[in-house]
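Following: one structure in structure tokens, then a few remarks.
All of these numbers come straight from a predicted model, not from anything done at the bench. All values below come from the heavy atoms of this structure, side chains included, with hydrogens, waters and symmetry mates left out.
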Amino acid sequence: MKSLQVFNLHYSNHTHRPSLKAGVYYFILFLLLASCSTFRIPVKGSKGGSIVKNVYSEMSEKDYKDHLASLKAPFLATPGIKTLPQGHATKKYLDVLVGEIIANNEIFFKELKTANVTILDSESPLHFSLPKGELFLSRGLISKYIKHESMLVSILSFELVRSERLIYPKLTIIPVGYIPLERMLALNRLELEEKMEVHKWAHYLTVRSGYDGEYYLSWLQTQNRNTADFILQVGDANLINREEALFKAFLIKNSLDDDDVLAKKTSSKQFYTFINSIRDGVL
């Protein structure tokens, strides 16, 4: 995947019967499309339709978004899944952070105008998302590993990018009343190339929101240094090592020309209140 854009493949407008060779070509092309790790729904109104749209005619972009977003309820109903109730101050703080990211990057966010952050009562460091701005962070992640407000914004930006652009593996889950945590995490795992594209966009959004982009790299390094703790999140311990190396190369090769954006070098008082409330279990 070379970008986060959705590319459409159009049928030919020729009216004659395709040759056997052409038929074989389209069959091979279909197999390649079907093997892609991420489900991309063509934009409605595309001229001539597309191969993917015809194969998944019952799953439009809106249908797919609704399907994934609807998984939140059965996931939270799964035995063993617990959430931390959020008080007014905690919810307001998270809403402000998400609002800053979206407001400072309006060109990027065409769909999301807000987002909801659910905090899971789990010791494992986790973060993932669903469409329509449904974000999930774990208590273990927040209380033990997030050391700076810019790092928190980096993680939120990563998940907002995915939620906005529907960057999830091609999976259709049949509802059975619950979804185990491992299944939800599998739904959020991406191929390395796709993940790097998300990292690049999320880093850009973080900086454009006025936060320190250096902490984005620090976040990847934190996972790399604690692979045993993050294995449930990443799935493959070797992947995070490659992510860090590729992201360093990206930072060296690219620089953001945003001199007008003053990065926040220190975390806010509200950030420390938030972290302590999660750590102490008093929200």
Can you find a heavy atom in the side chain of Leu152 that is under 4.5 Å from one in the side chain of Ile142? no

Determine whether the aromatic ring centres of His203 and Trp219 lie less than 6.0 Å apart. no

Met196 side chain reached by Phe247 side chain, heavy atoms, under 4.5 Å: yes

Should Lys200 and Asn254 be marked as a side chain to side chain contact (heavy atoms under 4.5 Å, CB included) after you check the CA-CA gap, both sets of side-chain angles, and the distance that decides it? CA-CA 10 Å; Lys200 294 171 187 177; Asn254 300 272; over 6 Å; no

On a heavy-atom basis, which atom in Glu182 and which in Leu232 lie closest, and how many Å separate them? CG-CD1, 4.4 Å

Qualifying residues under ring pair (Phe, Tyr, Trp, His ring centres under 6.0 Å), relative to His199, sequence neighbours excluded: Phe158, Tyr216

Minimum heavy-atom separation for Arg208 to Asn105, with atom names? CB-OD1, 3.2 Å

Can you run down the salt bridge (charged side-chain N to carboxylate O under 4.0 Å, His left out) pairs that involve residues 124-135, sequence neighbours left out, and say none if there aren't any? Asp66-Lys132, Lys72-Glu134

For Lys110, is there an ion pair with Glu164 - N to carboxylate O distance below 4.0 angstrom? no

Please name all residues satisfying side-chain hydrogen bond (donor to acceptor under 3.5 Å, both in side chains) with Glu100, sequence neighbours left out, ordered by chain then number. Tyr211

Can you tell me how far NZ of Lys65 sits from OG of Ser70, rounded to the nearest 0.5 angstrom? 13.5 Å

Quick one: side chain to side chain donor-acceptor pair (under 3.5 Å) pairs with a partner in residues 73-83, sequence neighbours left out? none

Lys91: what forms a salt bridge (Lys or Arg N to Asp or Glu O under 4.0 Å) with it, not counting sequence neighbours? Asp95

Is the closest side-chain heavy-atom distance between Leu135 and Leu160 below 4.5 Å? yes

Do the side chain of Thr273 and the main chain of Lys269 share a donor and acceptor less than 3.5 angstrom apart? yes

Partner set under salt bridge (Lys or Arg N to Asp or Glu O under 4.0 Å) for Arg189, not counting sequence neighbours: none

Does the Thr90 side chain pair with the main chain of Gln86, one donor and one acceptor, at a distance under 3.5 Å? no

Between Glu159 and Ser129, do the side chains contain an N or O donor and an N or O acceptor separated by less than 3.5 Å? yes

Within this structure, what is the CG-CG distance for the pair Leu141 and Leu126, rounded to the nearest 0.5 Å? 7.5 Å

Going by the rule salt bridge (Lys or Arg N to Asp or Glu O under 4.0 Å), which residues pair with Lys265 if we only count those two or more places apart in sequence or in a different chain? Asp212

Min side-chain heavy-atom separation Leu187-Arg183 under 4.5 Å: no

So which atom in Lys248 and which in Leu217 form the shortest heavy-atom distance, rounded to 0.1 Å? CG-CD1, 3.8 Å

Flag side-chain contact, heavy atom, 4.5 Å: Val117 against Tyr93: no

Just so I know, are the side chains of Arg162 and Asn188 near enough to count as touching, which here means a heavy-atom distance under 4.5 Å? yes

Answer yes if Val96 and Ile102 sit in the same cluster of Ile, Leu, Val, Met, Phe, Trp and Tyr residues linked by side chain heavy atoms under 4.5 Å apart, and no otherwise. no

Sequence neighbours left out, what passes side-chain hydrogen bond (donor to acceptor under 3.5 Å, both in side chains) with Ser157? Give chain and number order. Thr206

Here the gap from Leu156 atom CG to Leu205 atom CG, rounded to the nearest 0.5 Å, amounts to 11.5 Å

Residues which pass ring pair (Phe, Tyr, Trp, His ring centres under 6.0 Å) with Phe271, listed by chain and number, not counting sequence neighbours: none

Heavy atoms only: give me the nearest Ile119-Ser138 pair and the separation to one decimal. CG2-C, 4.5 Å

Using 0.5 Å steps for rounding, measure from the CD1 atom of Ile278 to the CD1 atom of Ile146. 9.5 Å

Name all residues meeting the ring pair (Phe, Tyr, Trp, His ring centres under 6.0 Å) criterion together with Phe136; count only those two or more places apart in sequence or in a different chain, and write none if there are none. Phe75, Phe128

Separation of Lys147 NZ from Thr222 OG1 (nearest 0.5 Å): 8.5 Å

Please report the shortest heavy-atom distance between Leu94 and Phe274, naming the atom on each side. CD2-CZ, 3.9 Å

Just wondering, are more than 12 heavy atoms of other shown residues or ligands nearer than 6.0 Å to NZ in Lys113? yes

Are Pro169 and Leu190 close enough that some pair of their side-chain heavy atoms sits under 4.5 Å apart? yes

So CZ of Arg242 and CG of Asp236: to nearest 0.5 Å the spacing works out to 8.5 Å

Does the ring center of Tyr168 lie less than 6.0 Å from the ring center of Tyr64? no

Minimum side-chain heavy-atom gap Ile155-Val153 below 4.5 Å: no

Test Tyr145 against Phe230 for side chain to side chain contact (heavy atoms under 4.5 Å, CB included), laying out the working first. CA-CA 11 Å; Tyr145 290 103; Phe230 283 93; 3.9 Å; yes

For Ala69 and Leu130, which heavy atoms make the closest approach, and how far apart are they? O-CD1, 4.2 Å

Can you list the residues that meet the side-chain hydrogen bond (donor to acceptor under 3.5 Å, both in side chains) rule with Asp121, with sequence neighbours excluded? Arg139

Quick one: list whatever passes side-chain hydrogen bond (donor to acceptor under 3.5 Å, both in side chains) with Asn224, sequence neighbours left out. Asn241, Glu244

Within one Ile-Leu-Val-Met-Phe-Trp-Tyr cluster: Ile240 and Leu192, side-chain cutoff 4.5 Å: yes

Tell me if the CZ atom of Arg225 is crowded by more than 12 foreign heavy atoms within 6.0 Å. yes

